[in-house]
2 protein chains.
Amino acid sequence: MRADAVKNRAHLLAVARPAVAAHGIDVSMRDVARRANVGLATLLRHFPTREALLEALLHESFEALTARAKGLTTSRASAEALVTWVSECVAWTTEYRGVTELMAAAIDDTDSALHTSCVTLRAAGAGLLTRAQEAKAARPDIDGDDLFALIAMLAWAGDQPALASRANRLLDVVARSLLTERDAPTSRAT
Amino acid sequence: MRADAVKNRAHLLAVARPAVAAHGIDVSMRDVARRANVGLATLLRHFPTREALLEALLHESFEALTARAKGLTTSRASAEALVTWVSECVAWTTEYRGVTELMAAAIDDTDSALHTSCVTLRAAGAGLLTRAQEAKAARPDIDGDDLFALIAMLAWAGDQPALASRANRLLDVVARSLLTERDAPTSRAT
DNA sequence: ACCTGAACACCGTTCAAGT
DNA sequence: ACCTGAACACCGTTCAAGT
C-alpha cells in the first residue's frame with residue numbers, strides 16, 4: 001500500500017469512529033467521507049461496504065471479548081463467568097447503535113466482512129456455556145447458537161430507547177433461565 | 001371524505017398489504033404508490049407517515065390480540081394463558097418484517113400513529129401477567145413494560161433469518177424465567 | 001376537497017478521467 | 001496505484017398548480 005493510502009485509511013478510521021458513535025452504524029457513508037475531506041469514492045475504495053468499515057472499527061473489540069471469555073474461564077466459577085461475559089457483550093454493543101442487526105445478518109453470511117469476527121465470538125461464548133453445562137450450572141438443552149441469539153436480543157433491546165431502561169432486568173430474566181436454579185446468581189452478583 | 005378519496009384509500013390499503021408482506025415495513029412508499037397507480041403525494045396525503053399506513057394495516061390485528069388476551073383470561077390457567085399469548089404475539093409480528101422496531105419506537109412516542117395500539121397491547125399483556133403473579137405462577141419482580149420488551153425481543157429474533165430457527169427455544173428460555181418453577185410449562189405444553 | 005407532477009436534498013453505486 | 005468528480009437510480013418531503 002502506498003504511503004498516502006496508508007495515511008488516508010488511518011484518517012478515515014479516526015473520523016469514522018466518532019461519527020458512528022454519534023449517529024449509529026447507519027451513519028451516511030457520504031457524511032463520513034465529507035468529514036474526512038475525502039471523496040466518497042475514496043472511502044468506498046478503502047472500505048467497499050459498510051460492514052468492511054465496521055469490521056475495521058470493531059476488530060479490536062471483538063478480539064478483546066474473545067480474550068475476555070478465555071480469561072473468565074480460568075478466573076471465575078462457570079455460572080458467574082458465563083453471565084458476566086454475556087453482560088459485557090451486551091454492554092459493549094451499546095457503544096455502536098445498530099450493530100446487533102449487522103451481527104445477526106453477518107453470522108450466517110460468509111461474504112460479510114463481519115462474519116469471521118461474529119463466528120469467533122459465538123465460539124467463545126459456546127466455550128463458556130459448555131463449561132457451565134459440564135459443571136451442571138447451566139441448562140443443558142441450549143447451545144452456542146442460542147446463546148448468541150440471546151445476547152443479540154438483549155443488545156437489541158439496549159439499543160431501543162424505550163426498552164433500554166429495562167436492560168438490567170431483561171438480562172436477569174435471561175440469566176435466570178440460562179442457569180440451573182441452585183447456582184443462579186442475580187445480575188448484581190459480581 | 002369524498003367518494004373518490006374513499007375509494008383511493010381502500011385501494012391503497014389493498015395494494016400496501018401484500019407489498020409490506022413481501023418487502024417488510026421498509027418497503028418504499030414510492031413503490032406502494034406506483035403499484036396503486038397513484039402519485040406518491042396522494043399516498044402521503046392519505047397516510048402522512050409510514051406509521052400511519054402501518055397503523056391502518058395492523059389495527060385489526062392489534063384489536064384481535066387485545067381481545068385474545070381477554071379471552072385467555074377466562075379460558076386458561078394463568079401461566080398457560082400468559083405463555084400462549086406471548087407466543088401468539090411473537091408469531092403475529094413475523095407477518096410484518098421489521099414492525100418490532102417501529103413498535104419499540106412507538107411505545108414511547110405519543111406522536112406516533114402506532115402509539116395507542118402499542119400501549120393497549122402492552123396493557124393487555126400486563127393484565128395477563130398480573131393475573132399470573134396473583135396466582136403465584138409468574139415471578140413477581142417484572143411488570144408489563146418488561147413483558148412488552150421481552151415480546152419485542154423475541155419478535156425481533158424471529159425477524160432475523162439467522163436466528164429465526166431458534167425461535168421456539170428462545171421462547172422457552174424466556175417463558176421458563178417468566179414463570180415460577182412449579183407451574184412452568186414448556187413451550188410445547190398446550 | 002382532493003389529486004398530481006415537479007423540484008428538492010438526500011442516499012449508495014459505478015466508472016471514466018486524472019495524477 | 002491511488003484518488004476524484006460526476007452521472008446514475010433511488011429515497012421521502014414539500015408545494016404550487018390543476019380539477
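Chain naming here is simple, since letters A, B, ... match the order of the sequence lines and numbering starts at 1 in each. Note: hydrogens, waters and symmetry copies are ignored here, and every other heavy atom, side chains too, is used.
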Checklist entry - How close or far is atom P of D:dC3 from atom CG of A:Asp4, stated in whole angstroms? => result 5 Å

Checklist entry - Residues two or more places apart in sequence or in another chain: which of them pass side chain to side chain donor-acceptor pair (under 3.5 Å) with B:His11? => result none

Checklist entry - Hey, are the side chains of B:Asp172 and A:Ile142 touching, using non-hydrogen atoms and a 4.5 Å cut-off? => result no

Checklist entry - Can you name the ring pair (Phe, Tyr, Trp, His ring centres under 6.0 Å) partners of B:Phe62, sequence neighbours left out? => result B:Trp92

Next on the checklist: Less than 4.0 angstrom between a side-chain N/O of A:Asn8 and OP1 or OP2 of D:dC3, yes or no?
Outcome noted: yes

Checklist entry - Can you tell me if A:Thr180 uses its side chain to pair, donor with acceptor, with the backbone of A:Arg139 under 3.5 Å? => result no

Checklist entry - Do any N or O atoms from the side chain of B:Arg166 and from the backbone of A:Leu150 form a donor-acceptor pair under 3.5 angstrom? => result no

Checklist entry - What one-letter contact string describes nucleotides 10-15 of chain C from 5' to 3', where B marks a base within less than 4.0 Å of any protein heavy atom, S marks contact via sugar-phosphate atoms alone, and - marks no contact? => result -BBB-B

Name each donor-acceptor pair under 3.5 Å that joins a side chain in residues 12-30 of chain B to protein atoms two or more places apart or in another chain, with its distance.
residue: B:Arg17; atom: NH1; partner: B:Leu57; partner atom: O; Å: 3.2
residue: B:His23; atom: NE2; partner: B:Arg35; partner atom: NH2; Å: 2.9
residue: B:Ser28; atom: OG; partner: B:Arg30; partner atom: N; Å: 3.2
residue: B:Ser28; atom: OG; partner: B:Asp31; partner atom: N; Å: 3.0

Item to check | Nearest-angstrom distance from the residue atom NE2 of A:His11 to C1' of D:dC3 | outcome: 14 Å

Checklist entry - Quick check: does any side chain N or O of A:Ser87 sit under 3.5 Å from a backbone N or O of A:Val83, one acting as donor and the other as acceptor? => result no

Checklist entry - Contacts to DNA chain C from residues 101-117 of chain B, heavy-atom cutoff under 4.0 Å, which residues? => result none

Next on the checklist: Closer than 3.5 angstrom, by distance alone: can the side chain of B:Ser177 be matched with the main-chain N or O of B:Val174 as a donor-acceptor pair?
Outcome noted: no

Checklist outcome for this item: Output field dot_bracket for DNA chain D (Watson-Crick or G-U, both distances under 3.5 Å, | for other-strand pairs) contains ||.|||||...|||||.||

Item to check | Side-chain touch A:Thr100/B:Trp156, heavy atoms, less than 4.5 angstrom | outcome: yes

Checklist entry - Is the shortest side-chain N/O distance from B:His46 to OP1 or OP2 of C:dC2 below 4.0 Å? => result no

Checklist entry - So, do B:Leu178 and B:Leu147 sit near enough that their side-chain heavy atoms are less than 4.5 Å apart? => result yes

